[in-house]
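The structure under discussion appears below in the form of structure tokens.
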Amino acid sequence: RDSTCVIALFGLFRMKQELEFLAKAAKALKKKNFDFIFLVIGGHGNEIQKALENEGIEDSHLSVTGYLDEEDVSTHLQATDLLLLPFEDGVSPRRGTLAVGLSHGFPIITSRGKNTNLEIFERNFLQLYNANDHEDFVEKTVMLAKDAERCKVLSKNAVEIYNHEF
């Protein structure tokens, strides 16, 4: 990537896990001198800012929109390079944020857990990590953020899977 990587989160968060995962991923990206910003669409800005500050990540790596209507969410998502969807119980087709991410053609990092149907989700249209494993989440986030070619493949496949499965 030639410019800042916009890594987005949106939807409802189970705050404790997402904050820990996000902060550790930010720390790992910063340690590798990777140019990124987390775009948080929705609430929890103060909590996220505090978690990042606790890991030594400054405000310049965070943008929080607050709650938005559907049209404004879509507009903000247009800036996204990578979408993080950490679910404690794993990704499933019933996740509205997943459908939005796929329809926009984003490379997505999400969790494999008890709700994950591997027949659907083991295909090459998103990057899975083991739910509740922050080290796996950080590793996959850093890997995908730095791999523009893999992101292109996932983006293309995301739209195809959305058109056929959702």
**Asked** Closest approach of A23 and E55, non-hydrogen atoms and distance?
**Response** CB-CG, 3.5 Å

**Message:** So, taking the atom named OG in S111 and the one named CG in D136, what distance separates them when rounded to the nearest 0.5 Å?
**Reply:** 10.5 Å

**L154 and L144, any side-chain heavy atoms less than 4.5 Å apart** = yes

**Complete:** Closest heavy-atom pair, G105 versus A158, reported as atoms and distance to 0.1 Å, is CA-CB, 4.2 Å

**Prompt:** Between D147 (side chain) and R150 (backbone), is there a donor-acceptor pair under 3.5 Å?
**Reply:** yes

**Item:** Residue pair L77 / F10, side-chain heavy-atom distance below 4.5 Å
**Value:** yes

**Prompt:** From T97 OG1 over to L84 CG, what is the distance, rounded to the nearest 0.5 angstrom?
**Reply:** 11.5 Å

**Request:** Output the distance between atom NZ (K24) and atom NE2 (H134), rounded to the nearest 0.5 Å.
**Result:** 5.0 Å

**Shortest non-hydrogen contact from I109 toward K140** = CD1-O, 3.6 Å

**Item:** Euclidean distance, L83 CG relative to Q127 CD, rounded to 0.5 Å
**Value:** 13.5 Å

**Prompt:** What are the two closest heavy atoms between A51 and L19, and how far apart are they?
**Reply:** CB-CD2, 4.0 Å

**Asked** Which residue pairs pass the salt bridge (charged side-chain N to carboxylate O under 4.0 Å, His left out) test with at least one member in residues 157-166, sequence neighbours excluded?
**Response** R123-E165, K156-E160

**Message:** So I37 and L62, do their side chains get closer than 4.5 Å, heavy atoms only?
**Reply:** no

**Prompt:** Would you call P107 and S155 a side-chain contact if the rule is heavy atoms closer than 4.5 Å?
**Reply:** yes

**Message:** If you count every heavy atom of other residues, nucleotides or ligands that lies below 6.0 Å from E58 atom CD, does the total exceed 12?
**Reply:** yes

**Request:** Begin from the C-alpha positions of I48 and L9 and carry the test side chain to side chain contact (heavy atoms under 4.5 Å, CB included) through to its verdict.
**Result:** CA-CA 11 Å; I48 292 170; L9 293 101; over 6 Å; no

**Prompt:** Using the ring of each side chain (for Trp, its six-membered ring), is F36 parallel, tilted or perpendicular to F34, with breaks at 30° and 60°?
**Reply:** parallel

**Complete:** Here the gap from T65 atom OG1 to D72 atom CG, rounded to the nearest 0.5 Å, amounts to 9.0 Å

**Prompt:** Do V100 and V73 sit in the same hydrophobic cluster, where Ile, Leu, Val, Met, Phe, Trp and Tyr count as joined when their side-chain heavy atoms come under 4.5 Å apart?
**Reply:** yes

**Message:** Just to verify, what does F106 make a ring pair (Phe, Tyr, Trp, His ring centres under 6.0 Å) with, not counting sequence neighbours?
**Reply:** H104

**Asked** Is the number of heavy atoms from other residues, nucleotides or ligands within 6.0 Å of NZ (K27) greater than 12?
**Response** no

**Request:** Check whether any side-chain heavy atom of S92 lies under 4.5 Å from a side-chain heavy atom of F87, and answer yes or no.
**Result:** no

**Request:** Could you go through the salt bridge (charged side-chain N to carboxylate O under 4.0 Å, His left out) check for E53 and K50 one step at a time?
**Result:** CA-CA 5 Å; E53 285 174 356; K50 184 176 180 185; over 6 Å; no

**Item:** Test item: L85 and L126 side chains (from C-beta on) under 4.5 Å apart, heavy atoms
**Value:** no

**Prompt:** Under a 4.5 Å side-chain heavy-atom rule over Ile, Leu, Val, Met, Phe, Trp and Tyr, are L118 and Y129 clustered together?
**Reply:** no

**Message:** So which atom in A8 and which in T80 form the shortest heavy-atom distance, rounded to 0.1 Å?
**Reply:** CB-OG1, 3.4 Å

**Fill in**
Rounding to 0.5 Å, atoms NZ (K146) and OG1 (T141) come to a distance of 13.0 Å

**Message:** Are F121 and P93 packed together at the side-chain level, in the sense that at least one heavy-atom pair is separated by less than 4.5 angstrom?
**Reply:** yes

**Prompt:** Transitively linked via ILVMFWY side-chain contacts under 4.5 Å: V64 with L52?
**Reply:** yes

**Prompt:** Heavy atoms, side chains only, cut-off 4.5 Å: are N115 and R94 in contact?
**Reply:** yes

**Request:** Check the surroundings of atom CD in Q78: do more than 12 heavy atoms from other residues, nucleotides or ligands lie under 6.0 Å from it?
**Result:** yes

**Message:** Restricting to non-hydrogen atoms, name the atom on L39 and the atom on H76 that form the minimum distance, rounded to 0.1 Å.
**Reply:** CD2-O, 3.5 Å

**Side-chain donor or acceptor of T116 paired with backbone N/O of G113 under 3.5 Å** = yes

**Message:** With a 4.5 Å cut-off on side-chain heavy-atom distances among I, L, V, M, F, W and Y, is there a chain of contacts connecting V153 to M143?
**Reply:** no

